[in-house]
Structures are given as C-alpha cells and as structure tokens.
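Starting from 1, each residue takes its place in the sequence as its number. Note that ligands are numbered from 1 as they come in the structure, with each ligand's atoms numbered from 1 the same way.
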Amino acid sequence: MKTQIVIIGSGPSGLLLGQLLTKSGIDNIILERSTPEHVLGRIRAGVLEEGFVQMMREAGVSERMDREGLPHGGFQIAFNGEIRRVDLHKFSNGKQVVVYGQTEVTKDLMDARLETKAQSIYEVENVEIHDVKKDTPYVTYEKDGAQHRIDCDYVAGCDGFHGVSRPTIPDSIRKEYEKIYPVGWLGVLSDTPPISEELIYGTSERGFLLCSMRSHTRSRYYVDVSLDEKVEDWSDERFWDELKSRLPEEVVGDLVTGPSIEKSIAPLRSFVTEPMQYGRLFLVGDAAHIVPPTGAKGLNLASSDVNYLYRIMLKVYKDNRPDAIDQYSELCLRRIWKAERFSWWMTSMLHHLSDNDFEKKIQASELDYFTSTEAGLRVISENYVGLPYEEVE
Ligand code: APR
Ligand code: PHB
C-alpha cells in the first residue's frame, strides 16, 4: 500500500488530523490497535478551547458540538470557605470555552471519517516505523496474522503516551522531562444534574475537588486521593460524603447525588518529549506530552499539535515547501510548555502537595491574589481559554 501520510492512532489527535488532511485532499491512512468501540469507551474530559472549536469547524465536524456543546464564559474556584468566579469572558477579551465530552468529539470525528471513505485500519498489531530519516519512510504492521507494509511520505505518531512513535526517536536524541504528583483524581460520572451551571474547582482542608459536567443531566465529579487508594474501596456513598465534606457550605445543599455510571482513579503527571520530530516522523498529542487535568488542557494540546502539523502539510503539498517541516517541533513546544506551566501551576495551587507550613501559606496567598486582582484573573483566564496559535511560516 502507499499513501502520503500514515497516522498511527485513532484517538482525538489522529482522527482530527486525518479529517483535516482528507478535507484538503492529502491522502492518509490511520492505523489503530484497538477497536472503534474501545476507543469510544474512554471517559475523558471535554473542556474545549476556542482553538479546538475552530479546528473542529474547519474540519467540518462541528454541527453536533455547536448544537449540544455548552459555552462557558467563566468558572469558579472554592477555597477558604468561599467561592470566587473567574470571569473568562471579561478577562480574556471576550473568549470562552465549550464543555463537550471527548467521547462526543471522538464519535463525531469517527462518523465523519466513515463518510469520507478515508482508510482506517483497526485491531492492527506490531506497528513498526521505518526509515524516517530517509525520503521514503514506511510503516509495517500485522493484521489477522498477515504482515503488511505502507510506503508513505510522512508518519504522524498520534499513538498516545504508550505508543510506538516516541520510542522510535533514538534515546541519544530524545530528552524527556517528567514530574509525577503524589496524588490521583478519583472521578465519578453520574446521570444527575450538575451542582452548578459552571465548573467549580476547589481546595479544602481535606483536599482538591472539581464539579464538572457532560450535559445538563450528566455530571462529572472529582476528589484527589493518595496514590495507594483503590477505586474498589470507594462506594458511591463514601465518594459523595467525601465530596460534600470538601464543598463550601453555600453550595453543598445543591449537590444531587446518584449511582455512579463510571468510577476511576487517574494519576497526575507532567511530561514532555523533546524534540517532537525525527526526520519524517512527527509526535502529536499524548505521544509527546501529558498534563495533569487541572488545567483542562489534554485534549486541547492534541489539537494544538494537529493545527501546526496540518498547516505545515498544507505548505508541503500545496505550496511545494518541503522545508516547512523543519519548524514543527519548536512551534509545538513553545505552546506546549506554556500549557504545561499553567497545568502544573493550577495543580500546585489547588492540591496539598507539601507538608511545609510556609508553602501552604504561599499557596493560600497565590489563590487569594490570582482570584482577586485583574492581573491575576487575566493570567488565569487567558491561559484557561487557550493562548493563540502562532502562524506557520
Ligand atoms: N499502534 C496503533 N495504535 C496505537 C498504538 C500502536 N502501537 N499505541 C497506541 N495506539 C492508539 C491507542 O489505542 C489510542 O486509540 O493510539 C491512540 C492514542 O489516543 P490517545 O491516547 O487518546 O491520545 P491522543 O489522540 O493524543 O489524544 C489525547 O486523549 O488521553 C486523552 O487526556 C488525553 O485528552 C487527551 C487526548
Ligand atoms: C471533566 O469534566 O472531566 C474535567 C473538566 C475540567 C478539568 C478536568 C476534567 O480541568
């Protein structure tokens, strides 16, 4: 087989990139090791920056998101027994975010790909990437016991944190930066009305809390727990009691509890790979970087990389600019590191990560300053709605 771009991974990164390339007449094949059902079964956050929303519109996949997505012009931060609102609209010059679950994004992108007839091959095994330092890279894989080869011009590694793309970059070239946090997020999904129309992030004596949603009838709640906690030790009742113990008095009465339809504990990690490119191989999304979910950036960083790789590929194929690929890694990393900083900072402000009394006072002072001054609220807002994408040269 031959194509212009092989995309490894059919998560949000691979699907969004594939849809944009296909719409622009650039041929691509997606290789995915799981089944479509397994990909769709993943429960992930969905707070979309404006940049992501624009990418979905450009990809022609925004009809349901525009209809069902919930525009949010602000969110709330609960601490010290009070709740303060971050007016995103006011402090980001009129921008907002859209709450629309990643599962829905993935479904819309999968449905769109089926309509385009672009090729996606699921349940592949032993994907290997070859000759990316030459002009004729190729990818091999196994399917139903047979070995296959796809010759291509470029390879997009959209295969997530545990994929095959990142290790294809030699250890001698690849530098990895990582911070593991000593807590995880215990999350519950329930078909109950959200406690508030806006997200409520918070910190209390007992730890972090987040009240989020998927729709007006489906809520998503989190409390942070130590890494030795087991989800099977958390009954619904225990979870609801813990969340109530962390919520401010003024809202706890608004909480509607109900049976959990999903419950899990996710660890918190900051991670970046440099460079994000090796010859004709490009790392995209979780394959290159991970953020703690406190800044709601994971999905948005996938679309950040996709935006840059897509526009570079337009230069390569439409403007005959093969040199355009040289800027990919630096372009991505400039924006990635700013989002990594914001996600780390929100995590450090809202979690008990230190027993040091001085550091606890600094944390309380940071929260007070950044939620009570225009300068502070502007910093939070412009990072939460997403910093602008740079132009591709
Ligand atoms: N061969 C083929 N497919 C693979 C391989 C492989 N060797 N390894 C991984 N994959 C597939 C996975 O099965 C998965 O469907 O690549 C896909 C990677 O998808 P994600 O992990 O969702 O990563 P990405 O598309 O970058 O999306 C990032 O997803 O995990 C969330 O929080 C994250 O919101 C962020 C978003
Ligand atoms: C979620 O709705 O799952 C969610 C929202 C915001 C975050 C993290 C998770 O920062």
What atoms of ligand 1 come closer than 4.0 angstrom to any heavy atom of G163? 8 (N)

Can you tell whether the side chains of R113 and E32 come within less than 4.0 Å, N to carboxylate O? no

Report, in ascending order of atom number, the atoms of ligand 1 lying under 4.0 Å from any heavy atom of G298. 34 (O), 35 (C)

Using a strict cut-off of 4.0 Å, indicate which atoms of ligand 1 neighbour a heavy atom of I8. 1 (N), 2 (C)

When distances are taken from atom 19 (O) of ligand 1, the protein heavy atom at minimum range is G11 CA, 3.7 Å

May I ask you to list the atoms of ligand 1 that are less than 4.0 angstrom from any heavy atom of C158? 16 (O), 17 (C), 18 (C)

Salt bridge (charged side-chain N to carboxylate O under 4.0 Å, His left out) contacts touching residues 244-256 (sequence neighbours left out): D224-R246, E242-R246

K179 to Y177 six-membered ring, cation-pi geometry met (6.0 Å, 45°): no

Checking N126 now: which residues fulfil side chain to side chain donor-acceptor pair (under 3.5 Å) with it, not counting sequence neighbours? E142

Could you check atom 31 (C) of ligand 1 against the protein and tell me its nearest heavy-atom contact, residue, atom and distance included? R44 NE, 3.3 Å

Show me which atoms of ligand 1 lie under 4.0 Å from any heavy atom of G160. 18 (C), 21 (O), 23 (O)

Heavy-atom proximity to atom 9 (C) of ligand 1, best of L16, N126, L283, D159: D159

Of E32, R33, R42, H38, the residue with the heavy atom nearest atom 5 (C) of ligand 1 is R33

Salt-bridge contact K361-D357 (side-chain N to carboxylate O under 4.0 Å): no

Is K95 paired with E382 through a side-chain N to carboxylate O contact shorter than 4.0 Å? no

Any carboxylate oxygen within less than 4.0 angstrom of a Lys/Arg side-chain nitrogen, looking at K263 and D236? yes

Give the atom numbers and elements of ligand 1 that come within less than 4.0 Å of a heavy atom of L299. 34 (O), 35 (C)

Which of parallel (below 30°), tilted (30 to 60°) and perpendicular (above 60°) describes W185 and H351? parallel

Nearest option to atom 24 (P) of ligand 1, as decided by whichever heavy atom of S13, S34, S10, A288 sits closest: S13

Examine ligand 1 and decide if any of its atoms is less than 4.0 Å from a heavy atom belonging to E125. no

Evaluate the ring planes of Y141 and H148, with Trp represented by its six-membered ring, and classify them as parallel (under 30°), tilted (30 to 60°) or perpendicular (over 60°). parallel

Which atoms from ligand 1 have a heavy atom of Q102 less than 4.0 Å away? 29 (O), 31 (C), 34 (O), 35 (C), 36 (C)

Going by side chain to side chain donor-acceptor pair (under 3.5 Å), name the pairs with one or both residues in residues 384-393, residues two or more places apart or in two chains. Y201-Y384, S303-Y389, R334-E390

Classify the side-chain pair E359/S354 by whether it contains a donor and acceptor separated by less than 3.5 Å. yes

Who's touching ligand 2 if we go heavy atoms under 4.0 Å? A45, V47, W185, L199, Y201, L210, S212, R214, R220, Y222, P293, T294, A296

Looking only at protein heavy atoms, which one is nearest to atom 1 (N) of ligand 1, and what is the separation? V127 CG2, 3.6 Å

With atoms numbered from 1 as shown, which atoms in ligand 1 lie under 4.0 angstrom from a non-hydrogen atom of G285? 26 (O)

Is the terminal nitrogen or CZ of R67 (NZ for Lys, CZ for Arg) located under 6.0 angstrom from the six-membered ring centre of Y100 and within 45° of that ring's axis? no

Salt-bridged, K297 to E340, with N to O below 4.0 Å? no

Is any N or O atom of P12, backbone or side chain, closer than 3.5 Å to an N or O atom of ligand 1? yes

Taking the six-membered ring of Y154 as reference, does the cationic atom of R280 (NZ for Lys, CZ for Arg) lie under 6.0 Å from its centre and within 45° of its axis? yes

Nearest non-hydrogen protein atom, atom 33 (C) of ligand 1: D286 OD2, 3.1 Å

